[in-house]
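Residue numbers start from 1 in every chain, and the chains themselves are labelled A, B, ... in the order their sequence lines are given, proteins ahead of strands.
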Number of protein chains: 2
Amino acid sequence: MQDTKERIVSLADQLIKTRGYNAFSYKDISDPLEIKNAAIHYHFPTKTDLGIAVIDIEVERFILLSGKWATQPEDKQLKQLFETFNKKNKEGLVCLMGSLSPDYETFPSALQEKVTGMSSTFLNWTSECLEKGREKGLFHFDGDAYDRALLVMTNLLASLLLCRVMGNKVFSRITNQLLKDLNAGK
Amino acid sequence: MQDTKERIVSLADQLIKTRGYNAFSYKDISDPLEIKNAAIHYHFPTKTDLGIAVIDIEVERFILLSGKWATQPEDKQLKQLFETFNKKNKEGLVCLMGSLSPDYETFPSALQEKVTGMSSTFLNWTSECLEKGREKGLFHFDGDAYDRALLVMTNLLASLLLCRVMGNKVFSRITNQLLKDLNAGK
DNA sequence: TTGATTACTTACTTACAAGTAAGTAACTTC
DNA sequence: GAAGTTACTTACTTGTAAGTAAGTAATCAA
């Protein structure tokens, strides 16, 4: 019965993306699942263990998804990435990176390393996607692909944060302009 | 003696920018200032009141600073804005928006409104700066100035978050490329 | 069928966060 | 010089977070 364990991680994932890591407690998980907080400690002895599990699942899910896109042209792949952010926005969520990075300093090093690893995974993928797409003439941009990936990732990450504060039409404004920019001069 | 009150706000500001709003407590302020937690409650009855004071000071400071830049050409003004972010980065801080926006849903409405107001102030200033600079031929970009301001603000905000996680050379990579983009085609 | 393992619950503990009521010492105003 | 007012402290209360020790019921493995 991995059912409870999966539900715990899934709820923790949602809570982190809505309220933030330091603002949710085991009670926020045990109440809706109708279990005791000790049941969570059974599966995840510490909150850090739970945080790590949430990140592991997120990275796993991304690797699986991006693997499925791999046969498509790079401009389509990038749009798929944007679509995953769009989906989060529609659900009123921010991305894991956007939620965890401000709290980074409050994390034990094991959790910090996981966040850094996740960030690398996303940045490397985006960087490669942009570089290959540029080689094929699907994107047009100046400078290093990794620098461009940094710009794209920061736009996406913070767009979800700003949507919280300014309303969620912000997302389409940002992504539309960003996609136009990348194909500019075509 | 407004001295204590100012020190409380200043420390709260730093704590929010390093650990996040939900991760600091009155003890983190009362200990270093060698006062009792009740002294903080005297000046700021609730944590919300303290959070609001921190935002008010930040916005005030920005209006003062940007007023001083107003005589400079817009490309210099934008660089001044970048410089305020650079300074935060060097101190290991994120910006207030980057720290508060992920926790937005956990805030009482009075604090939420302050965050939204602060965000509007920054976005409107950036939008006007970009538009006027474009009219003068100092910037070159496509699309609506407000959309461009959204892109610039999300780059700046999230660059500080990513610096936490990926090391702080990320900042110069992002800002250098961003400034090149805005003058591209010159 | 016994002994181990799994997946919990019951019932705690420790620590700390936010906030409050009542008191006080110093200054200020009239 | 008496009556506020300011800026605190002392000493609490209430609530909740994270974590643990010991017990239990059900399934598994030999």
Item to complete: List for me each residue that meets salt bridge (charged side-chain N to carboxylate O under 4.0 Å, His left out) alongside Asp13(A), sequence neighbours excluded, and say none if there are none.
Response: Lys17(A), Arg61(A)

Worksheet item: Would you say His43(A) reaches dA7(C)'s phosphate, i.e. side-chain N/O to OP1/OP2 under 4.0 Å?
Response: no

Practice prompt. Give the rounded distance in Å between these two atoms: CD of Glu6(A) and P of dC8(C).
Written response: 12 Å

Fill in: Residue closer to the 5' end of DNA chain C, Ala39(A) versus Tyr42(A) (nearest nucleotide)
Tyr42(A)

Worksheet entry | Partner set under salt bridge (charged side-chain N to carboxylate O under 4.0 Å, His left out) for Lys27(B), not counting sequence neighbours | Asp31(B)

Item to complete: Report the distance from atom CG of Leu50(A) to atom P of dA17(D), rounded to the nearest whole Å.
Response: 14 Å

Practice prompt. Output all residues satisfying ring-ring contact (aromatic ring centres under 6.0 Å, His included) with Trp125(A), sequence neighbours left out; order by chain, then residue number.
Written response: Phe62(A), Trp69(A)

Discussion item. Looking at dC8(C), I'd like to know if its phosphate oxygens (OP1 or OP2) sit under 4.0 Å from a side-chain N or O belonging to Thr4(A).
Written reply: yes

Worksheet entry | ring-ring contact (aromatic ring centres under 6.0 Å, His included) involving Phe44(A) - partner list, sequence neighbours excluded | none

Worksheet item: Rounded to the nearest Å, what distance is computed from the CD1 atom of residue Ile8(A) to the C1' atom of nucleotide dT6(C)?
Response: 14 Å

Item to complete: Between protein and nucleotides 14-20 of chain C, map the contacts as a letter string: B base, S sugar-phosphate only, - none, heavy atoms under 4.0 Å, written 5' to 3'.
Response: ---SSBB

Practice prompt. Calculate the interatomic distance between Asp31(A) atom CG and dA17(D) atom C1'; express it in whole Å.
Written response: 13 Å

Practice prompt. Check step by step if salt bridge (Lys or Arg N to Asp or Glu O under 4.0 Å) holds for Lys79(B) and Glu83(B).
Written response: CA-CA 6 Å; Lys79(B) 276 187 184 165; Glu83(B) 193 45 42; over 6 Å; no

Fill in: With sequence neighbours excluded, residues passing ring-ring contact (aromatic ring centres under 6.0 Å, His included) with Phe107(B)
Tyr21(B)

Item to complete: Please state how far atom CD1 in Ile29(B) lies from atom P in dT9(D), giving the value in whole angstrom units.
Response: 14 Å

Worksheet item: Please give, in whole Å, the distance from dT6(C) C1' to Ile35(A) CD1?
Response: 15 Å

Worksheet entry | Atom pair distance, as rounded to whole Å: CD1 in Ile40(A) and P in dA7(C) | 16 Å

Worksheet entry | Contacts of type ring-ring contact (aromatic ring centres under 6.0 Å, His included), residue Tyr26(B), not counting sequence neighbours | His41(B)

Fill in: With sequence neighbours excluded, residues passing salt bridge (charged side-chain N to carboxylate O under 4.0 Å, His left out) with Lys76(A)
none

Fill in: Tyr146(A) and Thr126(A): side chain donor to acceptor below 3.5 Å
no

Item to complete: Nearest whole angstrom, please: distance from the C1' of dT9(D) to the CG of Leu33(B).
Response: 15 Å

Discussion item. Can you pull out the residues from residues 104-113 of chain B that lie within a 4.0 Å heavy-atom distance of DNA chain C?
Written reply: none

